Amino acid sequence: MENSTHFQVFRLAAYGDIGQMKYFYFALVTVLYFVIILANALLIGVICIERSLHEPMYLFLCALFVNQLYGSTGLFPALMFYLLSDTHDISLLYCYLQIYVLYTYTLTELSNLAVMSYDRYISICYPLRYNNIMTPKIICGLILLSWLSSFFLNAIHISLSLRLQFCGNVLDRVYCDNYSVVKLACSNTMLNNIWGLAVTVLYISCIIFPTIYSYVRILQICLKSSKETKQKAFNTCTPHIASMLNFSFGWLFVIIQSRYETAHLPPILRSILFVYFLMCPPLFNPLMYGVRMVKIRHACKKVLGLYPKT
């Protein structure tokens with residue numbers, strides 16, 4: 001084992017010395033965070049208030065928006081603080097807490113998107129049995145399973161990282177991520193690597209493959225169906241597919257930067273790509289669903305007093 005030190009803090013080196021630009025970045029991040037809170041909270045409130053939206057698809061959307069508020073809160077307050085701070089040190093405890101929040105957000109987001117694809121599959125492929133399959137008990141169970149499995153798996157992830165000793169404390173990031181922390185370890189990280197691989201395989205098996213299967217079956221049904229059925233499938237599936245691709249590309253940027261050298265990229269571009277999956281989906285999804293889905297759009301206008309009550 002190399003010489004290790006009992007570090008009390010990690011240093012987030014990606015902030016660098018941005019001078020007076022920090023005020024511009026702070027204002028930009030603050031506005032983004034405010035819009036994310038406003039948009040997601042509005043749709044959560046509308047779905048909860050409007051009885052016409054108490055359907056499986058909208059309840060799963062509500063869970064998605066709650067998770068996006070949760071994940072954004074794991075990033076934005078710290079980001080705003082460090083943009084204005086002269087020092088960019090983060091305590092070990094808060095670093096691990098941030099990792100836990102952001103990783104549970106990620107796995108829950110993937111789970112929610114998979115559940116939503118299953119819901120669309122049942123709705124389009126088995127419309128007559130939809131209400132019998134997607135009962136309130138099943139809906140609550142799927143939402144709870146998405147959250148609890150993520151919290152449990154990441155608790156093990158963090159417990160494995162807590163035992164590590166480190167040879168350095170400089171993270172070339174604007175927030176803590178587990179892969180960068182583990183790379184600084186002097187102690188044996190075999191258990192961390194095995195567990196990370198196991199969770200990856202588990203989520204590919206239980207989330208990505210079923211999602212692909214759901215959309216293959218939906219496509220097969222649509223090819224044999226009427227124009228009206230195709231239009232319904234297009235209207236309800238397009239926002240979900242866009243959400244899934246948007247989040248997947250964002251997470252892919254993180255994986256590429258973690259595994260491969262990206263020093264040739266401008267620092268600001270690297271930081272943007274690294275926070276993309278935490279900034280864009282919480283901003284993109286509520287705006288897209290609010291515009292694309294007629295029932296949500298009308299319910300928002302009704303709640304805001306912009307649409308006549310029926």
Side-chain angles (χ1 to χ4, degrees), residues 36 39-40 43-44 47 55-72 74-75 102-125 134 139 142-143 145-147 149-150 153-154 199-223 230-258 272-296:
I36 286 171
N40 284 275
L43 292 189
I44 292 168
I47 292 171
E55 299 175 9
M57 177 172 62
Y58 302 108
L59 295 177
F60 292 136
L61 274 177
C62 187
L64 188 76
F65 298 144
V66 169
N67 185 53
Q68 288 173 169
L69 282 179
Y70 168 73
S72 299
L75 171 70
L102 298 184
Y103 277 53
T104 50
Y105 155 75
T106 301
L107 294 190
T108 303
E109 190 83 350
L110 289 171
S111 300
N112 283 338
L113 291 170
V115 166
M116 290 169 67
S117 69
Y118 172 73
D119 173 69
R120 293 300 83 210
Y121 162 67
I122 298 298
S123 174
I124 294 168
C125 298
M134 301 304 292
I139 294 168
L142 289 172
I143 292 173
L145 181 63
S146 298
W147 282 86
S149 61
S150 174
L153 292 173
N154 279 295
V199 171
T200 301
V201 172
L202 175 67
Y203 264 74
I204 289 175
S205 303
C206 298
I207 292 180
I208 297 178
F209 288 154
T211 300
I212 294 173
Y213 172 79
S214 295
Y215 275 104
V216 168
R217 292 288 294 125
I218 288 172
L219 180 61
Q220 290 174 339
I221 294 295
C222 287
L223 291 175
K230 291 178 183 177
Q231 187 63 40
K232 177 188 173 184
F234 178 80
N235 288 338
T236 59
C237 292
T238 300
H240 177 257
I241 293 173
S243 297
M244 192 164 48
L245 291 175
N246 187 35
F247 185 81
S248 298
F249 282 130
W251 189 240
L252 184 62
F253 292 149
V254 175
I255 293 173
I256 290 173
Q257 286 199 77
S258 298
I272 290 173
L273 293 177
F274 205 70
V275 300
Y276 181 94
F277 82 106
L278 291 160
M279 281 190 175
C280 289
L283 186 64
F284 172 78
N285 289 342
L287 296 178
M288 179 187 59
Y289 281 106
V291 171
R292 286 282 306 174
M293 305 194 78
V294 175
K295 289 184 72 172
I296 291 182

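These values consider heavy atoms only, across backbone and side chains, with no hydrogens, waters or symmetry-generated copies. As the structure is a computational prediction, the values presented were derived from the model and not from experiment.
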Give me the one residue out of Ile212, Ile218, Leu219 that meets side-chain contact (heavy atoms from CB on, under 4.5 Å) with Val216.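 When Ile212, Ile218, Leu219 are each tested with Val216, the side-chain contact (heavy atoms from CB on, under 4.5 Å) holds only for Ile212.
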
Measuring from atom [atom1] of [X] to atom [atom2] of [Y], what distance do you get when rounded to the nearest 0.5 angstrom?
X      : Y      : atom1 : atom2 : value
Ile139 : Glu55  : CD1   : CD    : 9.5 Å
Leu202 : Ile207 : CG    : CD1   : 7.5 Å
Phe60  : Phe65  : CZ    : CZ    : 13.5 Å
Ser111 : Met116 : OG    : CE    : 12.5 Å
Leu64  : Asn40  : CG    : CG    : 8.0 Å
Gln220 : Cys125 : CD    : SG    : 8.5 Å

Heavy-atom closest pair, residues [X] and [Y]:
X      : Y      : answer
Gly71  : Leu278 : O-CD2, 4.1 Å
Cys62  : Ile44  : SG-CG2, 3.9 Å
Ile36  : Pro282 : CG2-CB, 3.7 Å
Ser205 : Pro210 : O-CD, 3.2 Å
Tyr276 : Gly250 : CD2-CA, 3.4 Å
Phe253 : Leu273 : CB-O, 3.6 Å

Would you say [X] and [Y] make side-chain contact, with heavy atoms under 4.5 Å?
X      : Y      : result
Phe247 : Asn285 : no
Leu283 : Gln68  : no
Ser149 : Tyr203 : yes
Glu109 : Tyr70  : no
Pro56  : Ile122 : no
Met57  : Ser123 : no

May I have the step-by-step check of side chain to side chain contact (heavy atoms under 4.5 Å, CB included) for Arg120 and Ser214, ending in yes or no? CA-CA 8 Å; Arg120 293 300 83 210; Ser214 295; over 6 Å; no

Sequence neighbours excluded, which residues qualify as ring pair (Phe, Tyr, Trp, His ring centres under 6.0 Å) partners of Tyr289?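 Per chain and number, Tyr289 pairs via ring pair (Phe, Tyr, Trp, His ring centres under 6.0 Å) with no residue.
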
With distance as the sole test, does [X] use its side chain to make a donor-acceptor pair with the main-chain N or O of [Y] at under 3.5 Å?
X      : Y      : result
Asp119 : Val115 : no
Ser248 : Leu245 : no
His240 : Leu113 : yes

Measure centre to centre between the rings of Tyr105 and Trp147, then say whether the value is under 6.0 Å.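 When the ring centroids of Tyr105 and Trp147 are compared, they turn out to be at least 6.0 Å apart.
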
Can Leu61 and Met293 be said to form a side chain to side chain contact (heavy atoms under 4.5 Å, CB included), step by step? CA-CA 11 Å; Leu61 274 177; Met293 305 194 78; 3.9 Å; yes

Are Thr104 and Asn154 close enough that a side-chain donor and a side-chain acceptor fall under 3.5 Å?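 The criterion, which ignores hydrogens and geometry beyond distance, is not satisfied for Asn154 and Thr104.
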
If only side-chain N and O atoms count, and only distance matters, is there a donor-acceptor pair under 3.5 Å linking Thr108 with Ser150?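 Judged by distance alone, the side chains do pair up.
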
Measure up the Phe277 and Trp251 rings against each other and bin them: parallel (under 30°), tilted (30 to 60°), perpendicular (over 60°).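 Perpendicular, since the angle between the ring planes exceeds 60°.
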
